Amino acid sequence: MGNGSSTDHPVPGLPFIDDGHLPLDNPDAVEGIGRKQGAGLWGRTDRTEGDGWVAFTTEPKNPAFAWAVYHHPPHGRTVLLIRNSDQGDLHYEWKYGRSGFAHRHGGYWWNGERWHRPGQVRDVAFERYDPRPVDAPTTITAADLLDSTSSPQGGGFMKVASFTAEVEVSNWGDQLALWARLRASEPGRLPLGSCIVDLRTPELVRGNLVDRVGLAKIAGISMEDLPHPGYGRDDLPEPQYEADGSMWWSVPVARDWAESHLRDNGPAELFSATTVYGTVQPAGLVADHNRLREVFHRSLTEPRSDAGKKQAPYLKGELARSAADDLAWDAATSLARGNDQGLVPHQAVRKVVVDSILGRLAEDVERRGIEGKSLDEIVLSDMPTSAVKLLTWYIQHHPDQTAYVLGDVCLQARVRLDLHPAQVGRLFRRSFGLDSDLDAKIIDALLDMALPPSAKDYRKPR
């Protein structure tokens with residue numbers, strides 16, 4: 001909602017708020033302003049990598065808002081005034097998000113070395129969003145923006161006690177000039193050429209952005225299947241520009257979102273089939289139903305022997321077929337529901353499959369140590385045939401879980417065995433090709449969409 005007057009990296013367009021009362025060199029003191037000071041007040045501080053820290057506190061004089069401070073050596077500090085209700089989200093992002101300290105244009109972020117696009121594609125193998133650098137970025141610093149058209153006399157910092165969210169800034173350049181003049185007398189402050197203000201890149205030019213129609217087109221889905229912001233925006237990427245109720249995104253962000261959407265939804269479409277009722281369901285469930293339909297139909301229509309005499313079948317004609325279909329559906333869905341209601345403990349099956357694959361990988365790593373080979377030189381054995389077949393069965397019944405189970409194997413192999421996800425991804429492709437009953441094109445499509453990004457750093461020879 002506003003820049004603290006002591007920030008080193010002002011967000012363009014946001015008003016400057018006087019933060020002179022904040023003990024910005026003492027994170028515990030910042031936390032203490034709001035922590036345990038009364039209902040609705042909150043404070044928190046945590047250390048970050050590289051001897052940095054983050055601190056938050058509700059502003060007691062205006063408790064609808066809070067201060068957020070990010071001390072990031074050697075890049076100075078960021079001081080922001082935010083909504084008090086946003087403290088938890090920003091704390092999590094700064095502490096665990098691994099997405100830099102300067103955020104602009106709907107999540108584009110700077111880590112002190114280069115700009116990256118907003119995190120859209122989750123890399124389960126590394127428990128983070130895949131960091132994707134921006135093409136042809138130009139970093140705009142405070143030194144780039146200050147010129148003779150800006151006047152410190154025309155600016156003024158607001159008081160936090162009277163601040164409201166409806167504040168409009170018409171003289172931001174003058175406020176920036178005042179901010180620059182006041183910090184010039186403070187020793188040890190970052191030079192203006194190191195104070196990050198904005199990002200410019202061709203993909204953020206207004207005319208290059210796409211609206212909801214363009215986002216749906218890039219994702220290859222209909223407008224009806226595109227999440228509607230009227231029902232919440234969590235399923236849409238944060239827009240790079242917004243006006244008059246419309247949202248606009250850069251094309252690379254739209255493509256990343258489309259990749260993530262395909263990863264989450266593509267396997268379910270790939271492994272889908274149509275039931276005899278005309279509904280679309282997981283292919284494994286439909287296959288079970290079709291097999292059971294015939295079993296039940298045969299049981300309902302075959303003559304029975306009773307004391308050496310043939311008895312008439314239970315049912316005949318369409319009545320028998322309808323009853324068989326419905327009984328088979330009840331049985332097939334019970335098999336597919338898993339632990340809670342079904343007959344097969346699907347989560348236990350999944351864990352056994354993952355453990356079986358990891359066990360084989362551990363044997364390879366142990367053998368490598370005996371043979372004196374590096375992890376880069378190791379040749380991984382094929383996954384156990386039974387594990388591949390059972391994993392194929394699981395995916396066909398739970399295609400929406402494909403990305404998570406493949407990612408779990410890659411994560412555990414990296415953390416426990418120090419194997420790179422790309423090595424495991426390559427092994428998945430080979431083992432599926434050898435021991436699953438899936439078509440080669442289906443295997444390619446499945447792994448291309450469902451493997452973590454770090455596990456796709458290879459291409460199958462053509």
Side-chain angles (χ1 to χ4, degrees), residues 1 11 14 42 44 54 56 64-66 68 70 80-109 116-132 134 165 203-204 209-269 398-408 411 449-450 452-453:
M1 307 303 297
V11 179
L14 293 186
W42 187 78
R44 173 78 185 235
V54 295
F56 298 82
F65 301 99
Y70 193 156
L80 295 172
L81 187 71
I82 63 175
R83 293 184 181 88
N84 192 48
S85 59
D86 291 336
Q87 282 196 70
D89 289 342
L90 187 56
H91 170 264
Y92 184 88
E93 181 63 33
W94 276 357
K95 172 66 176 171
Y96 303 106
R98 302 177 185 175
S99 59
F101 58 84
H103 298 81
R104 303 291 186 268
H105 302 284
Y108 280 76
W109 54 277
H116 297 76
R117 300 200 297 271
Q120 297 289 331
V121 182
R122 189 76 179 167
D123 192 331
V124 180
F126 282 90
E127 299 182 287
R128 69 186 183 195
Y129 287 102
D130 192 34
R132 301 193 168 182
V134 176
E203 65 194 60
L204 289 173
L209 304 181
V210 297
D211 59 5
R212 293 186 70 247
V213 174
L215 181 62
K217 183 177 181 180
I218 289 173
I221 60 178
S222 67
M223 288 295 294
E224 289 73 19
D225 291 331
L226 185 71
H228 195 285
Y231 299 101
R233 300 168 58 155
D234 290 346
D235 293 330
L236 288 170
E238 187 177 353
Q240 277 62 70
Y241 177 71
E242 198 168 354
D244 300 325
S246 296
M247 306 165 72
W248 301 78
W249 297 271
S250 73
V251 171
V253 167
R255 288 173 178 161
D256 287 348
W257 182 83
E259 180 182 336
S260 180
H261 185 272
L262 181 65
R263 181 203 63 181
D264 292 340
N265 299 279
E269 183 175 348
H398 296 281
D400 59 317
Q401 296 296 307
T402 303
Y404 300 100
V405 67
L406 299 185
D408 189 27
L411 171 64
M449 69 176 67

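Here the structure is a predicted model, which means the values were calculated and not measured.
- Evaluation of the side-chain contact (heavy atoms from CB on, under 4.5 Å) rule for Pro229 yields Arg212, Arg233, Leu236, Met247 as partners, not counting sequence neighbours.
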message: Could you walk me through whether Asn84 and Phe65 satisfy the side-chain contact (heavy atoms from CB on, under 4.5 Å) test, starting with their C-alpha distance in whole Å, then the side-chain angles of each, then the deciding distance to 0.1 Å, before giving a yes or no?
response: CA-CA 4 Å; Asn84 192 48; Phe65 301 99; 5.7 Å; no
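- For Lys217, the NZ atom is loosely surrounded, since the number of other residues' heavy atoms within 6.0 Å does not exceed 12.
- One distance of note links CG of Leu406 with CG of Leu411; it measures 12.5 Å at 0.5 Å rounding.
- The salt bridge (Lys or Arg N to Asp or Glu O under 4.0 Å) test applied to Arg117 returns Asp256, not counting sequence neighbours.
- With rounding to the nearest 0.5 angstrom, the OH atom of Tyr129 is 7.5 Å from the CD atom of Gln120.
- With sequence neighbours excluded, the residues that form a ring-ring contact (aromatic ring centres under 6.0 Å, His included) with His261 are Trp257.
- Across all non-hydrogen atoms, the minimal contact from Pro267 to Pro399 is CB-O, 3.2 Å.
- Considering every non-hydrogen atom in both Leu209 and Tyr241, the closest pair reads CD1-CB, 3.8 Å.
- For the residue pair Leu90 and Ala68, the shortest heavy atom distance occurs at CD2-CB, 3.7 Å.
- Remark: side-chain polar atoms of Asp244 are not paired, donor with acceptor, to backbone N or O of Ser246 under 3.5 angstrom.
- The aromatic rings of Tyr92 and Tyr96 sit tilted, their planes meeting at an angle between 30° and 60°.
- In terms of the salt bridge (Lys or Arg N to Asp or Glu O under 4.0 Å) criterion, residue partners of Asp130 (sequence neighbours excluded) are, by chain and number, Arg132.
- Atom CG of Asp264 is separated from atom CZ of Arg122 by 11.5 Å, given to the nearest 0.5 angstrom.
- The two residues His116 and Val134 come nearest to each other via the heavy atoms C-CG2, 3.5 Å.
- Once rounded to the nearest 0.5 Å, the distance linking CG of Leu226 with CG of Leu215 reads 5.0 Å.
- Every ring-ring contact (aromatic ring centres under 6.0 Å, His included) that Trp94 has, sequence neighbours left out, goes to Phe56, Tyr70.
- Interatomic distance, Asn265 CG to Ile221 CD1, rounded to the nearest 0.5 Å: 8.0 Å.
- Under the rule for a salt bridge (Lys or Arg N to Asp or Glu O under 4.0 Å), Glu127 has no partner lying at least two apart in sequence or in another chain.
- Other residues, nucleotides and ligands contribute only 12 or fewer heavy atoms inside 6.0 Å of the CD atom of Glu269.
- When all heavy atoms of Ala254 and Val210 are compared, the pair lying nearest together is CB-CG2, 4.2 Å.
- Atom CZ of Arg255 is surrounded by 12 or fewer heavy atoms from other residues, nucleotides or ligands within 6.0 Å.
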Margin query: Using the rule given for side-chain contact (heavy atoms from CB on, under 4.5 Å), can you reason through Glu203 versus Val251, listing the C-alpha separation, both sets of side-chain angles and the distance that settles it, and then say yes or no?
Written below: CA-CA 7 Å; Glu203 65 194 60; Val251 171; over 6 Å; no
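- For the atom pair Trp109 CH2 and Phe101 CZ, the distance stands at 11.0 Å (nearest 0.5 Å).
- In this structure, Arg104 forms no cation-pi arrangement with Tyr108, as its terminal cationic atom is not both closer than 6.0 Å to the ring centre and no more than 45° off the ring axis.
- Across every non-hydrogen atom of Val121 and Pro453, the tightest pair is CG1-CG, 3.5 Å.
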